[in-house]
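Reviewing the structure listed below.
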Amino acid sequence: MKFARTITLDESDSRIFDHVAQPGEWAISGTFEFSNWTVNDLTGKKKQAFSNGWLGLSSFGRATFVGVTSMAEGEFEKVVDLLAQKFVADYGAPSLEVAYPVAKEEADFMTSICDEHKTNTLLMVSREFSSNGIREKFRHIQASDAKLEAFAVHGSSE
């Protein structure tokens, strides 16, 4: 199974998002977070999160890039459980039983995006409001022979 992990190519995410995902977190699109927003909510760093941020599932911060990687079945279940708990704790879901199918749908969607690409492919998301709600577009940069770890920033340049 394929899934996405956040990638840090440089320090720019720390300047454009209020809450930044850490490198290597499992990630999903996270568009549900904007379901009650309007165009008037799109200012500053919130606009950046809406426009091009993936949702990291450990920190629930945002990242500009994710990379396609392999995921074990057990990890997938952990992601779904974590997301269901977040839906109950922070988004008003009445119970884990109600939240779990929605969390699984979010995780399945991320899997479907990743399955279209080779391992190590970088993905970007862009969103905009349309007359039918939020519209997402996904772009990719093909994988090279280098591993994702070669591109991740693991420390400060200072």
Side-chain angles (χ1 to χ4, degrees), residues 2-69 71 75-96 98-114 117 120-130 133-141 148-158:
K2 293 180 185 174
F3 212 80
R5 285 194 183 268
T6 57
I7 300 294
T8 303
L9 299 177
D10 59 28
E11 301 293 326
S12 62
D13 282 355
S14 64
R15 292 187 297 276
I16 63 172
F17 299 126
D18 277 329
H19 190 66
V20 180
Q22 298 302 304
E25 293 183 46
W26 294 118
I28 60 172
S29 169
T31 302
F32 66 84
E33 199 169 48
F34 311 113
S35 62
N36 293 325
W37 286 27
T38 67
V39 174
N40 295 332
D41 294 310
L42 300 181
T43 60
K45 292 183 177 187
K46 288 181 178 183
K47 181 177 183 178
Q48 290 297 327
F50 172 83
S51 296
N52 62 4
W54 296 95
L55 183 65
L57 293 176
S58 295
S59 67
F60 288 91
R62 293 285 170 170
T64 302
F65 297 99
V66 295
V68 176
T69 189
M71 174 188 253
E75 285 294 312
F76 182 81
E77 292 304 319
K78 288 179 187 177
V79 162
V80 174
D81 288 341
L82 178 65
L83 193 52
Q85 291 173 23
K86 185 74 169 174
F87 286 162
V88 171
D90 294 344
Y91 293 97
S95 68
L96 286 174
V98 171
Y100 188 89
V102 178
K104 185 170 184 317
E105 185 177 321
E106 288 286 330
D108 285 341
F109 179 62
M110 191 73 239
T111 299
S112 73
I113 294 168
C114 291
H117 302 285
N120 295 332
T121 300
L122 293 181
L123 303 176
M124 288 93 37
V125 62
S126 61
R127 295 182 194 88
E128 62 186 14
F129 281 106
S130 73
I134 298 172
R135 181 176 166 204
E136 286 181 308
K137 294 180 192 175
F138 302 100
R139 295 177 296 142
H140 67 278
I141 300 172
L148 287 176
E149 293 80 13
F151 298 103
V153 175
H154 296 286
S156 174
S157 60
E158 295 176 20

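One is the number of the first residue; the rest follow in order along the sequence.
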Over 12 non-hydrogen atoms of neighbours within 6.0 angstrom of CD in Glu75
yes
Do any N or O atoms from the side chain of Thr6 and from the backbone of Gly24 form a donor-acceptor pair under 3.5 angstrom?
yes
Please determine whether side-chain contact (heavy atoms from CB on, under 4.5 Å) holds for the pair Asp90 and Phe60, giving the CA-CA distance in whole Å, both sets of side-chain angles, and the decisive distance to 0.1 Å.
CA-CA 11 Å; Asp90 294 344; Phe60 288 91; over 6 Å; no
Applying salt bridge (charged side-chain N to carboxylate O under 4.0 Å, His left out), run through Lys86 and Glu106 and close with a yes or a no.
CA-CA 13 Å; Lys86 185 74 169 174; Glu106 288 286 330; over 6 Å; no
How long is the gap from CZ on Phe34 to NZ on Lys46, to the nearest 0.5 Å?
10.5 Å
Looking only at heavy atoms, which two atoms of Thr121 and His140 are closest? And how far apart?
CG2-CB, 3.7 Å
Interatomic spacing from CZ in Phe87 to OG in Ser95 - rounded to 0.5 Å:
13.0 Å
Quick one: pull up CG in Leu123 and CE in Met110 and give me the separation to the nearest 0.5 Å.
5.5 Å
Are side-chain heavy atoms of Val80 and Leu83 found at a separation under 4.5 Å?
no
What distance do Lys78 atom NZ and Leu57 atom CG have between them, rounded to the nearest 0.5 Å?
14.0 Å
With no hydrogens and no angle check, do the side chains of Ser59 and Glu25 hold a donor and an acceptor under 3.5 Å apart?
yes
Nearest heavy-atom neighbours spanning Ala107 and Val79
CB-CG1, 4.4 Å
Which value, rounded to the nearest 0.5 Å, describes the distance between Gln48 atom CD and Arg62 atom CZ?
12.0 Å
Ala63 and Ala21: which non-hydrogen atoms are nearest, and at how many Å?
CB-CB, 4.0 Å
If you count every heavy atom of other residues, nucleotides or ligands that lies below 6.0 Å from Lys2 atom NZ, does the total exceed 12?
yes
Pair Asp13-Thr64, side-chain donor/acceptor within less than 3.5 Å
yes
With rounding to the nearest 0.5 angstrom, report the CZ to CG distance, Phe65 to Asp10.
7.5 Å
Phe76 vs Thr111, side-chain contact (heavy atoms from CB on, under 4.5 Å): CA-CA, chis, key distance, verdict:
CA-CA 9 Å; Phe76 182 81; Thr111 299; 3.6 Å; yes
Asn36 atom CG, neighbour heavy-atom count above 12 within 6.0 Å:
no
Indicate the atoms forming the closest heavy-atom contact of Leu122 with Gly67, along with that distance.
CD2-CA, 4.3 Å
Do Trp54 and Phe138 have ring centres separated by under 6.0 Å?
yes
Taking the six-membered ring of Trp26, is the NZ or CZ of Arg5 close enough (under 6.0 Å from the centre) and on axis enough (within 45°)?
yes
In short, Ser14 meets Val20 closest at the heavy-atom pair CA-CG2, 3.5 Å
Walk me through it: do Phe50 and Ile134 pass the test side-chain contact (heavy atoms from CB on, under 4.5 Å)?
CA-CA 10 Å; Phe50 172 83; Ile134 298 172; 3.8 Å; yes
Quick one: closest heavy-atom pair of Ala99 and Ala93, and the distance?
CB-CB, 3.9 Å
Worked check of side-chain contact (heavy atoms from CB on, under 4.5 Å) between Phe109 and Thr31:
CA-CA 11 Å; Phe109 179 62; Thr31 302; over 6 Å; no
